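All remarks here apply to the structure that follows.
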Amino acid sequence: MRNSFIDNISNLLLVYRGFTFGIIILVVLLFLGFGLSNFAPSNDLLWGMGNAPFSIPPTFNYPFGTTTNGQNLFWLLMIAIKNSMLLGFLTGAISIAIATIMGFLAGRFSSGILGDLLNMIIDSFCVIPGLPVLLVLAFALKNYINVVMISLILSIFGWAWPSKQMRNIVMNLNQKQFIMTSKFSGLNTWKTFLHDYLPYVLPWLLIQFLGLVNWAIGMEVTIAIFGMSNMSVPTIGTSIYWAYTNQTLLLGQWWWMTFTLILTILLMLSIYMVSMSISDYLNPRTRLTRLQKSKVLEET
Amino acid sequence: MIKEETKLEEHLLEVVNVSKYFRSGSYLGTKFKAVDDVSFNLDKGEILLLIGESGCGKTTLSNLILGILKPSSGFIKYKGKIISKLRRNEKKYFIREIQPIFQDPYSTFNPFVRVDYYFKEVCLNFGIAKENSEIDQKISTVLNQVKMNTEIKGKFTHQFSGGQLQRLSIARALLTKPSLLIADEAVTMIDASLRVGILNIFADLNKDLNLAIIFISHDLSVGYYMVELSEKIKIIVMYRGTVVEEAPGESLFANPLHPYTRQLIESVPSIDPDRKWHSTTKHVVLELEEFNLNGCKYVKRCPFAMDICEKEDPPLLSLGKSKVRCWLYANVKDKNLTIDSLTKNGK
Amino acid sequence: MNEKVIEIENLKAYYRISGNINVLALDDINLEVKKGEFAGIAGESGSGKTSLLKVLTHSFPSSMEIKGKVVINFRDKNFDVLTLNEDQIQSLRWKAWSYVPQAAMNSLNPMAKIKDIFLETLESNDKTMNRDEFRKKMEDAFENVGLSKQFLNFYASRLSGGMRQRAIILLATILKPNIIFLDEPTTGLDLITQKDVIQLLQNMHDELNSTFLLVTHDVSVHAQATDFVHIMYAGQIVESAPTKELFHNPLHPYTKELINSVPIIGGKRGRIEQNIRISSSIANSVQGCKFKDRCPYAIPSCGKYVYTYKKGDHEVKCNLYES
Amino acid sequence: MAKYFIERIVFLILTLLIGLTIIFIISRSTPIHPIDTIMQQLSSYGGQLTQQQYNSIKDIYLRLYGLNRPVIDQYFSFLAGVLSGNFGPSFSSFPTPVIKLIERALPWTIGLLLTALIISWVFGNLIGLLAGFYDKSGISKFLQGLFVVISPVPYPIIALILILLFVFMIPSFPIMGGMALNVTPKFSLSYIFSIIEHAFLPALSIVISSMAGWFLSMRALVMNIKSEDFVEFAKLRGLKKRKIVFNYVMRNVISPQITALALNIGFIFNGALVTEYLFSYPGLGTLMYRAIMTGDMNTLVGVASLSVIGITLATFIVELMIPIIDPTIRQER
């Protein structure tokens, strides 16, 4: 199995330009976020007075310029990326876990009343506008907000969309005959899930996870803009919030907002490109045609 | 636990007045009788051919016997125990005893899973064998039984042809030493020339292992070939959810009683270009409406339809070893009756 | 007046899989079909019979390379199908020939009523006929085929497979095209519906006296419906003969095997032994006769070349008849 | 057909119940009592209060907002209040009831949301349809590349980019408010023109990001439908390309896109709220921001409940359109 993993990746790199572009930027950002940010000078990170001069445009030793509170924007954004990614991965993990359970149950019992009820619950969580409700919750928990808390809040609505698609996949698989073969080969539900459902669900899990990471980062920005995020912890959202409320644009200090936006777009784009190319490469139909093609090659 | 050997007079399988209703559309839809008051028995080592057009309820009946569906009324007894009322541990033994073979060989095994995985799982889950050596030995015996000599270790579905996959499906079912195989349209997707090979396997299994088989098909020529191959064989013809005729193999083909059976046999395209059809079929309204007719379901197409057929549903009359559900035979208990003799004297 | 309607001369076709690997679909096919003939092509799945139809109707996938000549006669003008561009082909479709593809009963627009499907086919192909006249023609055609008029207002999903198949055959014949190609029209149907469809095809053939080309793996359907049969194996035509001649006196060992493998109701033939072997996958391009590994009468020369023996209309490619 | 209708009504009621219950639970289970936040604001104005005075004032407020009754009563009165539209007085701009504030902001949001939704849905699907059908052409590939880049970017980011571009780089649009200050709201041309001028950027930012989604999903849908058997069979029957595009591809593609519209209204509404605030457009978004800043829980709960009701109703209405377009649903149910 090992060598096929390596040639899978190499195949992916060559075939999908989007994947190569995405993975390179993602790796760079991951390194910047989790690697480089530890070297940031600790004192000027908090929103207090920094030792750097106030709001000067990008120069050599302040590559991204400095903020109105005299912080080095470069280090600030490195930490911001780290926190936002952390938040994204956490929300993604929690939401995917809930989505898998809800989606699998709704799909497996789709013929009965339970299945219909679960499906209605899933649909209603998709339809309800999450933002106003989350803002009420964030407002209520005003002084207890931290990265983990935001992830939990976002997961309340994050799981709905993935579980809807998970339910469709499970319902399609229920009609397949090999589910019946497994039943008559004595496999219990857990083993059936592992061996029959998982190979179809795994690629989808990865794609939905990346999608959720993007969604979570976006929602964190939205909540932060309303001032509901933990303002002292530098994340992409809080950085935008301070840049916006300090009227940096009116004062002509373009660099704070511009660099934040550029990094955000790069982060989201790379995650999206990676998930798009994986979904093309791994979706069951193309995998099957690749398996069949290898059979014909073997024979000639 | 179910007793190992069955008492002499007890049948292996008893289907008693089984019916199954489905709602078309959930909750508020109209009731739809997919299987309507079907009863028959099956003994050890006997082959039952279930013949009928698509949508006549034969697959629903097979799902009822396999325990996948629960009957709306009536019950099914296997070795003296009612299937729908089995306790948990008895269910596991029951699954070992009755194994299915499916129609589409290409989707019997999960394309992403190695084929030999299923064989190992069957051995482990049903405690047939523990260590690998014993498992491999069991696998090779069943593979020989289906005359399959190619190596299957580590191979995927797409590395086999349709015929080979169907043999593997039979081999997987044989691992648990079942006493009843249910083959639902097992040869429909196989190429005509390779079909005979698979049918030979079924016949040999029946002879050598005294294995009872319920063979479901819509193709009469396949049915006829099975009759030629084995002696203890019984045929049931179903139409719109009801049993219209039940008879031993040879007599059904030699002397079909029910008009529908006659029409089925007549419609088989003969291989000899000189034998042409001369009759044309009476065309009919939507099939779905025939299901809920209160009289005989075949009345709309039957060339001998009488007005009593329209009003009342004919009972299942037994004539010698055969049974037929048709008013033509209602008040005549003569044994060697054929439709021609009946219609000739203007019945 | 038996001038040729279809003429195929050493047609070769293969699918490009990847790089330089390609799978041979059709290997040097020569075929003639006379006007008004009901021709049939039989063979296992993978023998290339569907690929041949796809070439004739110019509906082959782009990954298929084709060489050779395929001439279709329409209004006594000869068209080489392979040289025509898409618009020319589109102008011939449903006028020069109509084509009922495989599993056609599952390929009706779910969003359209049956009568809309008929009307749109008329509009695109025959401007002369006005709609009311066509509507009348459509209703009569449905009635005498046993489908009641009201089915025209149904959506396809409400009709049974058999009904849809009969409706499609009507669709293919209502504008009286020159040739009618049919790919497995009887597969997947119940016995009685299958008989209806075969009888429908026969009536249509007598009524329209246009040429029919029927492709199916079921040899007994050929026995009942066709006048002339070509047997295909691994991308080649191994035997061609009038139907009666072929079934009463089959020459090629493969044809014999095909005919024997069909159980005859009432004929006491008992068990048919078959050696276990692979189906005709044409990926491996074999020297000489492709059937030699499966042939019980194979002789050494079969590995080198294939002799063509011709007696009247009966032609067979087999070295056994190399006298 | 009736069954589909009943099913949709049950779904509507269930969604409303779930949404409103979540809001109720959240608003009632805040660790620090909303009244305390107001009290803190009171004391920050320099008034020193003894503990005893503090409790009595708090008690008055509690009775005023009816927060001292058992939770179940509060829940039912909350639901009754929501349905009749009274969410109680707003904490910050006391005594004006919350519904008054919402009524002022609602028309702006509805106007912005509706126009943006319709434009993005119609144009997104139209271009997606053409791009899907002529997928070999250069423009189609270019548009695909463009929208693939746009689609992952969330609403606030696109709004900020637009602000950067159109307000600072090339100042061409107003940044503040819903209309010019000197214009009196009467049905005059200048009034309408100034509204459009102010609403242009927010609408544009919502349209851009949601249009990407519609374009990509429509293009993928069309390319799938194109390889379906019935489209192949239509070509084989000599049907003209134009007829295939409308009778076959368009008809089979509209109903899934309407279902998608119904399910996405809530998502786009979230985007609208943020965009409104960033452009300080006087809709519900800005109202929510002010409520958060002044700690006005009642308005916040009011706006949240109203959006849940509004969006669920909108979804319900759109879903009713599906059987009209898709006969198979009409026939089956």
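Everything numeric in this text was worked out from a predicted model, so none of it was measured. Proteins get letters first, then strands, A, B, ... in listed order; numbering begins at 1 in each.
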Out of curiosity, [X] [atom1] to [Y] [atom2], how far, rounded to the nearest 0.5 Å?
X: D:Lys243; Y: C:Thr121; atom1: NZ; atom2: OG1; result: 9.0 Å
X: C:Gln90; Y: D:Leu236; atom1: CD; atom2: CG; result: 8.5 Å
X: D:Leu239; Y: C:Ser124; atom1: CG; atom2: OG; result: 3.5 Å
X: C:Leu171; Y: D:Arg237; atom1: CG; atom2: CZ; result: 5.5 Å

*Where on C:Ile168 is there a heavy atom nearer than 4.5 Å to chain D: the side chain, the backbone, both, or neither?*
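Looking at C:Ile168, just its side chain touches chain D.
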
*So what's closer than 4.5 Å to chain C heavy atoms on D:Tyr248: side chain, backbone, both or neither?*
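Contact with chain C: backbone and side chain both.
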
*Do you know which two heavy atoms are closest between C:Pro110 and D:Asn252, and how far apart they sit?*
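Closest pair (atom of C:Pro110, atom of D:Asn252, distance): CG-OD1, 3.4 Å.
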
_Heavy atoms from other residues, nucleotides or ligands near CD1 of D:Ile9 exceed 12 (cutoff 6.0 Å)_ =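 Enclosed: over 12 neighbouring heavy atoms sit under 6.0 Å from CD1 of D:Ile9.
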
*Should we say atom CZ of D:Phe230 is surrounded by more than 12 heavy atoms from elsewhere, each under 6.0 Å from it?*
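For D:Phe230, atom CZ is crowded (more than 12 foreign heavy atoms under 6.0 Å).
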
Please report, to 0.1 Å, the donor-acceptor pairs under 3.5 Å made by any side chain of residues 208-216 of chain C, with sequence neighbours excluded.
residue, atom, partner, partner atom, Å
C:Thr211, OG1, C:Gly36, N, 3.1
C:Thr216, OG1, C:Glu184, OE1, 3.0
C:Thr216, OG1, C:Asp218, N, 3.2

*Under 4.5 Å, heavy atom to heavy atom: which of residues 93-109 of chain C reach chain D? Give them by number, or say none.*
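Checking residues 93-109 of chain C against chain D gives C:Arg93, C:Trp94, C:Tyr99, C:Pro101, C:Ser107, C:Leu108, C:Asn109.
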
*Should D:Lys240 and C:Glu123 count as an ion pair when the cut-off is N to O under 4.0 Å?*
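No, D:Lys240 and C:Glu123 are not salt-bridged.
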
*Highest number of heavy-atom pairs under 4.5 Å with chain C: which of D:Lys241, D:Lys235, D:Glu232?*
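Looking at each option in turn, the highest pair count goes to D:Lys235.
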
